[in-house]
2 protein chains.
Amino acid sequence: MKNTVYKNTDKILLAVDCIIFGFDGKDLKALLVKRAIEPEIGKWSLMGGFVKENESVDAAATRVLSLQTGLSEIYMEQLYCFGDVERDTAGRVVSIVYFALIKIDDYSKDLMKEHHAKWFSLDMLPTVVFDHRKMIDLSILRLQEKVVSHPIGFELLPAKFTLQQLQALYEAVYNTTFDNRNFTKKILSLGLLVKLNEKDKGSSKKGSFLYEFNHDQYRQLNKEGLRFL
Amino acid sequence: MKNTVYKNTDKILLAVDCIIFGFDGKDLKALLVKRAIEPEIGKWSLMGGFVKENESVDAAATRVLSLQTGLSEIYMEQLYCFGDVERDTAGRVVSIVYFALIKIDDYSKDLMKEHHAKWFSLDMLPTVVFDHRKMIDLSILRLQEKVVSHPIGFELLPAKFTLQQLQALYEAVYNTTFDNRNFTKKILSLGLLVKLNEKDKGSSKKGSFLYEFNHDQYRQLNKEGLRFL
DNA sequence: TTTAATAAATGTATAATTTACATTTATTTT
DNA sequence: AAAATAAATGTAAATTATACATTTATTAAA
């Protein structure tokens, strides 16, 4: 496509950066990579790339994510456009940031090595390039807002999980603790969970029952705009 | 600033579009203008303009808004980046959309004529260019989310207003009706409003008391993340 | 085989919040 | 003085949220 009509206007480099959250059963983590190009090569960074002229911004984000994680069909949404003139020290680049939620085990160790990627707990993040810290901070806020009305456990937990894991996830997101009786009561009352006839024996002698999400009910609640905690 | 490092990447035209909401005491309205350039010249459109190479995206939005409405220091936030390849029929243009809230009377009739602008009730919107309808729809959703936790009355109502006006605003945003006893109770319990010793006699023989926002309490609640209705 | 150890599962009473609902009040006009 | 009009106001019932401790299932050790 040619810009036949809009003459003499300033074209700008457009990038996408992706912040990827995962949950290891205990902590919320963000996936960072060692930056592969100058400037700041080798420093920790969000996954990013440039938007091509014939590519939608969404497609660019999907491409970057897929290229670096090997994952597709993951939960992703646009977060914010960072557009300060001096945000990238090497030139004018406006960045559209996306945030994604993945099941931490879906991301293969091989790809991790290949792209020099590493999971960091949110309270142990290293220094990152440019304005990426601002991006991460904003994404954590967005995640918290999101969680209020969207059952994100879906995206971050394995298909079968225990109530303990689910509660730990919510506690990690909100950085707080909940009374487990009240938490269980509330979550179960939503009809979102299906109790399985299977136990996870990993963490106790008694074992704890595994649950699955009820996808239909999830979609229903998403539409109606439920309110979680 | 020169892009000295990033070679051979695709630069893209960046635009900002602004959706401006106002409230006339009865309906929520959006401010549209007749598009001043080709293509689609003369059609209804959001206010927009191109981002300059040496200008932040935020600054571009502020500039566009200020240029066309004469207003500064108005409530504005970034909404979303629309980045489909074919969204603008005349070339590749990625648009960052902002949404703004203004007091409807602050926008002078003269400027309105000068820029061929017009307020439209949200349920009587005309056909608009490109993907502006999607932008408007998304902004209405955002406004509703916003209202849950932010006292936007501030931005949309005159400094002195009646409880009736405030309730009408919330009813317009949510497109519903509230019981006026419960609404009053709830709003007053937040300590957000200051009752004045003045009445507005415009709408009844008895007249209704005017209120002001308590700015300190507003900021406080904003920080704590209150929950409205 | 009994006992000890461990984490999972569960219930109830109280407090807080939300909802539903109709009458009285202040003022102006006739 | 009476009628008309919209504003202002309270209470009881239902729902939801909170605080809080014991019992249960299972395994490992005695």
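Naming convention: chains lettered A, B, ... in sequence-line order (proteins, then strands); numbering from 1 in each chain. Values reported hereafter were calculated over all heavy atoms of this structure, with side chains retained and with hydrogens, waters and symmetry mates removed.
Look at CD on B:Gln167: it is 13 Å from C1' on D:dA6, rounded to the nearest Å. In this structure, the CZ atom of B:Phe183 is 14 Å from the P atom of C:dT18, given to the nearest Å. The interatomic distance linking A:Ile187 (CD1) with D:dA17 (P) rounds to 12 Å, in whole Å.
Contact annotation: A:Lys201 side-chain N/O to D:dT27 OP1/OP2 distance is under 4.0 Å.
A salt bridge is defined here as a Lys NZ or Arg NE, NH1 or NH2 lying under 4.0 Å from an Asp or Glu carboxylate O, and B:Glu155 with B:Lys103 fails to meet this definition. Taking a cutoff of 4.0 Å between a charged side-chain nitrogen and a carboxylate oxygen, B:Glu77 and B:Lys146 qualify as a salt bridge.
Aromatic ring pairs are classed by plane angle as parallel below 30°, tilted from 30° to 60° and perpendicular above 60°; the pair B:Tyr174 and B:Tyr170 is parallel. A tilted orientation is assigned to the rings of B:Phe154 and B:His215, their planes being inclined by 30° to 60°. Using the six-membered ring where Trp is involved, B:Phe161 and B:Phe213 have ring planes that are tilted, between 30° and 60° apart.
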Using a cutoff of under 3.5 Å, can you pull out all pairs of nitrogen or oxygen atoms linking the protein to nucleotides 7-14 of chain D, with atom names and distances?
{"residue": "D:dA7", "atom": "N3", "partner": "B:Lys206", "partner atom": "NZ", "Å": "2.9"}
{"residue": "D:dA8", "atom": "OP1", "partner": "B:Phe209", "partner atom": "N", "Å": "2.9"}
{"residue": "D:dA8", "atom": "OP2", "partner": "B:Gln164", "partner atom": "NE2", "Å": "3.1"}
{"residue": "D:dA8", "atom": "O4'", "partner": "B:Lys206", "partner atom": "NZ", "Å": "3.4"}
{"residue": "D:dT11", "atom": "O4", "partner": "B:Lys185", "partner atom": "NZ", "Å": "2.7"}

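Residues satisfying the side chain to side chain donor-acceptor pair (under 3.5 Å) test with A:Ser95, not counting sequence neighbours, are A:Asp17.
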